[in-house]
Amino acid sequence: MNKTAMIALGGNAISPGTGSGTITEQFARTRESLEGIMHFVHQKYRICLTHGNGPQVGDELLRMDLTHVQVPPLPLGVCVAGTQGTIGYMIQQSFQNRLHLEGIDREVVTLVTQVEVDPDDPSIKHPTKFVGHRYTRKEIEPLARQFGWQIGEQEPGVWRRVVPSPKPRYIMHGSSIRTLVQHGTIVIASGGGGIPVYREPDGRLEGLDAVIDKDLAAALMGRIIKAEELWIITDVPGAYVHYKTPREQLLGDITVDQARAYLEAGHFQSGSMQPKIEAALYFLSYHGKRAVITSIPEIEAAIHGKAGTIIYNPNQGDHCENS
Ligand code: ADP
Ligand code: MG
């Protein structure tokens, strides 16, 4: 194995956009997605995987609200920890089965991962991250009143709950994750962006009720494990300029300077494509060699440089591997 890929799987890779998101549907979708991820195994990559948890953590929160009279509810931070376990289990088992089918002897493990954030991050007071089900305004307003939700309109007519989304600062247990990845173990870590924690003045860790952006957490993790490549797998073939207009154009190979210029020109929507480009730029400002944004069906071609949006740093020579 000669290359390390940090792979971030979007929520759609686990939970189908259509359907009710039953566990059967989630397992089926996960298995389909792993067909794409297997290309990294065939190309002998060391692999660290992370995933989103938006729909799942939203379901957990709703479950708490609906059962709080009978069972003491768990706070959001603990729900994120729970989804790391459940989604990690789904991916781990499906992945292990797929490897077994091909007679490949590699272990897949899931790590409960805490991520330090700034307790004064501006998003704590101004939540922006959409989680859970989509409702009409008429449906969500009574729920918001009953359960004290903060809500926002994601698209015209589509209302969802919003929660704080502080930026990741530091991934705990990074050297353990790196050791496992370097050993060849396939590691699923920092799921759902990681469990948000902060340090008390005396150094103790405390949990925080928020959801960290998984793309930014993946970039930080990619840096820590010294991955050469960051892969952001989503539901579009890549990043577009003039997205959803008649001038829309898929970006192929672009430099970090080009990506930054498009970002500053406002081509990427905040909360969806923008954090992916920011994550790519962050990753490439350390030892990363390329960041790829693409969809599951395009992975194989993208590995060979023939699909996806590939962002690279033209000034970065091979010295980067030792830094
Ligand atoms: P994920 O769960 O993979 O993070 P997101 O919904 O957060 O998925 O981000 C992917 C979405 O970003 C796409 O489905 C697309 O609708 C949206 N998007 C916004 N701006 C762009 C753009 N300029 N190019 C491509 N996709 C974009
Ligand atoms: Mg997203």
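Every number for a ligand or one of its atoms is a count from 1 in the order of the listing. This one's a predicted model, so the numbers in the text were calculated from it and none came from an experiment.
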Report yes or no: do [X] and [Y] belong to one cluster of Ile/Leu/Val/Met/Phe/Trp/Tyr joined by side chain heavy-atom distances under 4.5 Å?
X      : Y      : answer
Ile311 : Ile303 : no
Leu76  : Phe147 : no
Ile47  : Ile91  : yes

With heavy atoms of [X] as the reference, note each atom of ligand 1 found under 4.0 Å away.
X      : answer
Phe268 : 23 (N)
Gly10  : 1 (P), 2 (O), 3 (O)
Tyr240 : 22 (C), 23 (N), 24 (N), 25 (C)
Gly238 : 25 (C)

Gly271: heavy atom below 4.0 Å from ligand 1, yes or no?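 Yes, Gly271 has heavy atoms under 4.0 Å from ligand 1.
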With the threshold set at under 4.0 angstrom, would you say Gly52 reaches ligand 1 through any of its heavy atoms?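 Flag not set, Gly52 not near ligand 1.
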Heavy-atom distances under 4.0 Å are what count here, so tell me which part of [X] touches ligand 1: side chain, backbone, both or neither.
X      : value
Thr234 : both
Gln274 : neither
Tyr243 : side chain

Tracing side-chain links under 4.5 Å among I, L, V, M, F, W and Y, which residues wind up in one group with Met64?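 Members besides Met64, by chain and number: Leu74, Val78.
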Answer yes or no: does an N/O atom from Gly11 fall short of 3.5 Å to an N/O atom of ligand 1?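 N/O-N/O distance below 3.5 Å exists for this pair.
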Lys244-ligand 1 polar pair, N/O distance under 3.5 Å: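 In fact, backbone or side chain, Lys244 has no N or O that close.
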Protein heavy-atom partner closest to [atom] - residue, atom, separation in Å:
atom                    : result
atom 13 (C) of ligand 1 : Asp235 OD1, 3.4 Å
atom 1 (P) of ligand 1  : Lys276 NZ, 3.4 Å
atom 26 (N) of ligand 1 : Met273 CE, 3.5 Å
atom 6 (O) of ligand 1  : Ser272 CB, 4.0 Å

From CG (Leu251) to CE (Met273), nearest 0.5 Å: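 Spacing of CG (Leu251) from CE (Met273) equals 9.5 Å.
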Out of curiosity, Leu9 CG to Ile233 CD1, how far, rounded to the nearest 0.5 Å?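 It is 6.5 Å, given to the nearest 0.5 Å.
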Examine Arg223 relative to Tyr286 and say whether NZ or CZ is less than 6.0 Å from the centre of the six-membered ring and inside a 45° cone about the ring axis.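 Yes, a cation-pi geometry holds between Arg223 and Tyr286.
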Step by step, would you call Lys167 with Val117 a side chain to side chain contact (heavy atoms under 4.5 Å, CB included)? CA-CA 6 Å; Lys167 288 212 159 45; Val117 301; over 6 Å; no
Given Ser272, which of Lys276, Gln274, Gln269 fulfils the side-chain hydrogen bond (donor to acceptor under 3.5 Å, both in side chains) condition?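 Exactly one option meets the side-chain hydrogen bond (donor to acceptor under 3.5 Å, both in side chains) with Ser272, and it is Gln269.
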For a side chain to side chain contact (heavy atoms under 4.5 Å, CB included) check, start with the C-alpha distance between Glu102 and Met38, then their side-chain angles and the critical distance, and finish with the verdict. CA-CA 10 Å; Glu102 295 193 21; Met38 282 305 287; 3.5 Å; yes
